Amino acid sequence: MLQLQVLRTRAEWVKERLAVKRFQKMELVDQVVQLDDQRRRLQAEFDQQQSQVNTWSKEIGQLMAKGERDAAEEKKQAVAALKAGLDPLKKQLQETDAQLQDILLQLPNLPAAEVPEGKTPEENVVVRTGGTIPELAEGCLPHWDLASKYGLIDFEIGNKVTGSGFPFYRGKGAKLQRALIQYFLDFNTASGYEEFLPPYLVNADSGFGTGQLPDKEGQMYFMPEDGYYLIPTAEVPVTNVYRDVLLKSTDLPIKMTAYSPCFRREAGSYGKDVRGLNRLHQFEKVEIIQLVRPENSHQVLDEMVAHVEKLVQSLELPYRILRLCGGDMGFASAITYDFEIYSTAQQRWLEVSSVSNFESFQANRMKCRFKDEEGKTQFVHSLNGSSLALPRIVAGILENHQTVDGIKVPAVLQSYMGMATIQ
RNA sequence: GGUGAGGUGGAUGAGUGGCUGAAAUCAACGGUUUGCUAAACCGUCGUACGUCCUUAAAGAUGUACCGAGGGUUCGAAUCCCUCCCUCACCGCCA
């Protein structure tokens, strides 16, 4: 959620920034400013009258104590008259405030200054590439064929037991999942991230805090009996650890990492994009999250990008890093870097990580603040990134490390896998 | 799922209709004392949204908040209703 203060004082600038994100409903900005103005007027009036009511109520108490019943009765009537006018005013104030909140929730975060213009994924900017795309032998296979050749993943059984997008991993495939999760967590904790294992169901307040709700509930699985949502990423439960918390400045930065399965309905996805591991309803992911002082967040974002880059490099995969353009960025993000690895057999890039700085957008929704040295409370900045998402990493490992003798296991994974080659 | 007891400020915990935004203790912060540490003493010590004042900071002031939402009352932390949560015991169970 954008800070009202910014909207109030810099409405035109906000519109310029939102234009970079290709935001359509620009009139909402003016509505916020207008509703805010109205709310303040109403509150001033309400406060003043309520104050009078409170004063008189106290006086009634004093009159009663002195036994001056008639004078008290007289005052009671005066209060009653005043309150008759106060109720509609209170209602109006509440309605205005509700409208204001409703519109505030519809405004996406403002893109940072270095976010490139653009509308579609094609306009994202490649900031770096790394690794080398291997020359594969004749007859190389896409990962779904490799997965069945070596008995690693069973899509058909998943289909029967649950539905499409819910594969079974088995044998060395299952072990590879476990190895990757453990390697990623070890890598992250070695950099000072505290490990969490969160609940996989969250309540609506948490979905609201990180920005999935109210608009994107269609992307999450929902349990109506209990009012819980299956998490689409560990970001949701872990970031919400600090919902409604007032931190000390010495508590920052807070660095957290968590493995969790991720559940996504992916309504509206279809076609070749969903083949094999490219797009699933349930997948494994390890996430890193930081809560930091506002002045540090841009530097921390760079550090997190560098952290993820080292991880991708260690898996010996060809990759590139994109800075997302305004039109391709998420609702809550101020700036996002995507990591993609090259799927050599499919000859396309697959997103394996997305690292974002949300600045105060989530913190404002979550009311996560800290007291600075001057004793002023301000919102923290929140950041997160995948480190890493498993399925496409697995696809990349299978395709890029395939040989006639089997799949070469990257050196960093061999001790976790207990083997150098998957045969 | 059943029964019972509870949810008060960073923590413990008092408070059954007005003088309680809330005692007391602890923690925290600032200071005095001190060779250092400790102790002692003095002071400060909730949040949100407004208004006034100010270039701003500071300051003054109003309203709201004692799990959430409603209700009774001139007046509610305190009484009533609904919901949520926690704890204990029972049932069930990885």
Side-chain angles (χ1 to χ4, degrees), chain A residues 1-10 32-105 197 199-209 213 223-229 237 240-252 254 261 291 360 363-380:
Chain A
M1 193 158 68
L2 296 176
Q3 291 181 248
L4 202 47
Q5 178 69 12
V6 176
L7 286 153
R8 197 185 285 164
T9 54
R10 306 176 70 186
V32 164
V33 173
Q34 190 220 321
L35 282 166
D36 173 55
D37 196 54
Q38 191 182 329
R39 195 203 81 226
R40 282 150 69 198
R41 280 206 318 274
L42 287 168
Q43 190 185 333
E45 199 183 334
F46 174 83
D47 282 358
Q48 196 199 337
Q49 293 197 34
Q50 182 62 249
S51 174
Q52 184 61 257
V53 169
N54 291 346
T55 308
W56 282 350
S57 291
K58 266 181 197 157
E59 286 170 12
I60 290 168
Q62 286 158 1
L63 289 170
M64 302 278 267
K66 280 189 269 177
E68 297 178 31
R69 295 201 152 249
D70 291 347
E73 279 306 320
E74 214 171 287
K75 205 125 227 176
K76 272 193 197 183
Q77 293 195 356
V79 173
L82 190 53
K83 282 196 74 178
L86 204 52
D87 284 341
L89 191 59
K90 184 180 181 183
K91 205 175 164 199
Q92 211 185 340
L93 177 59
Q94 285 171 338
E95 276 168 12
T96 305
D97 197 47
Q99 278 177 43
L100 180 61
Q101 290 303 319
D102 181 62
I103 294 179
L104 271 176
L105 288 176
L197 203 156
Y200 303 151
L201 294 157
V202 292
N203 59 29
D205 284 345
S206 294
F208 179 89
L213 297 175
M223 328 285 282
E225 288 280 302
D226 303 288
Y228 296 150
Y229 295 84
N240 274 283
V241 165
Y242 287 96
R243 171 153 52 80
D244 290 319
V245 171
L246 182 54
L247 294 155
K248 286 178 284 194
S249 63
T250 49
D251 294 332
L252 301 174
I254 288 164
L291 303 177
S360 63
N364 192 6
R365 286 176 159 241
M366 291 198 304
K367 295 190 175 41
C368 177
R369 297 153 300 162
F370 75 100
K371 241 187 179 86
D372 65 21
E373 284 69 17
E374 283 94 54
K376 262 180 71 178
T377 51
Q378 40 176 325
F379 290 117
V380 302

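Lettering follows sequence order; numbering is per chain, from 1. This is a predicted model, so every value here is computed, not measured.
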Return no unless some side-chain N or O of A:Arg369 is found under 4.0 Å from OP1 or OP2 of B:A48.
-> yes
Are any of A:Arg39's side-chain N or O atoms less than 4.0 Å away from OP1 or OP2 of B:U51?
-> no
Out of B:A64, B:A48, B:G62, which has the shortest distance to the side chain of A:Thr377?
-> B:A48
Any donor-acceptor pair under 3.5 Å from A:Asn364 side chain to A:Met1 backbone = yes
Any N/O pairs under 3.5 Å between the protein and nucleotides 15-19 of chain B? List them or say none.
unit_1	atom_1	unit_2	atom_2	d
B:G18	N2	A:Ser57	O	2.6

Rounded to whole angstrom, note down the C1' distance from B:U37 over to B:G50.
-> 48 Å
Check side chain to side chain contact (heavy atoms under 4.5 Å, CB included) between A:Pro261 and all other residues, then give those that pass, not counting sequence neighbours.
-> A:Tyr200, A:Tyr259, A:Phe263, A:Gln282, A:Glu284
Ignoring backbone atoms, establish whether A:Lys83 has a side-chain N or O less than 4.0 Å from OP1 or OP2 of B:G75.
-> yes
Could you check A:Gln48 against A:Lys76 and say which one's nearest nucleotide on RNA chain B is further toward the 5' end?
-> A:Gln48
Whole-Å gap separating C1' (B:C65) and CD (A:Gln50) = 13 Å
Hey, which of these two, A:Lys248 or A:Ala80, hits RNA chain B nearer its 5' end, going by closest nucleotide?
-> A:Lys248
Whom does B:A88 pair with, Watson-Crick or G-U wobble, provided both distances fall under 3.5 Å?
-> B:U3
Using the C1' atom on both, measure B:G13 against B:G2 and round to a whole Å.
-> 31 Å
Is any side-chain heavy atom of A:Val380 closer than 4.5 Å to a side-chain heavy atom of A:Arg369?
-> no
Please report, to 0.1 Å, the donor-acceptor pairs under 3.5 Å made by any side chain of residues 39-60 of chain A, with sequence neighbours excluded.
unit_1	atom_1	unit_2	atom_2	d
A:Arg39	NH1	A:Asp36	OD1	3.4
A:Arg40	NH1	A:Asp36	OD2	3.1
A:Arg41	NH1	A:Asp37	OD2	3.2
A:Gln43	NE2	A:Asp47	OD2	3.3
A:Gln52	OE1	A:Trp56	NE1	2.9
A:Thr55	OG1	A:Ser51	O	2.8
A:Ser57	OG	A:Val53	O	2.9
A:Glu59	OE1	A:Lys75	NZ	2.8

A:Leu42 atom CG is separated from B:A64 atom P, nearest whole Å, by 16 Å
Would a distance-only check, ignoring hydrogens and angles, find a side-chain to backbone donor-acceptor pair under 3.5 Å from A:Arg365 to A:Phe208?
-> yes
Compare side-chain N and O positions of A:Arg40 against OP1 and OP2 of B:C49 and report whether any pair is under 4.0 Å apart.
-> no
Side chain to side chain, A:Phe370 and A:Leu246, heavy atoms closer than 4.5 Å | no
Phosphate oxygens OP1/OP2 of B:U63: is one of them under 4.0 Å from a side-chain N or O of A:Asn54?
-> yes
Quick one: are A:Lys371 and A:Ser249 in side-chain contact, heavy atoms under 4.5 Å?
-> no
Could you check how far CG of A:Leu246 sits from P of B:A28, rounded to whole Å?
-> 18 Å
Nearest-Å distance for atom pair CG/P, residues A:Asp244 and B:G10 = 12 Å
Pairwise P distance for B:C65 and B:C53, with rounding to whole Å = 28 Å
Between C1' of B:G10 and CZ of A:Phe370, the distance in whole Å | 18 Å
CD of A:Gln43 versus P of B:C52: gap in Å, rounded?
-> 12 Å
With a 4.0 Å cut-off on heavy atoms, is A:Arg69 in touch with a base, just the backbone sugar-phosphate, or nothing at all?
-> nothing
Atom CG of A:Leu104 and atom P of B:C49 are separated, to the nearest Å, by 12 Å
What integer distance in Å separates A:Asp205:CG from B:C85:P?
-> 12 Å
Backbone N/O of A:Arg243 and side chain of A:Asn240: donor-acceptor pair under 3.5 Å | no
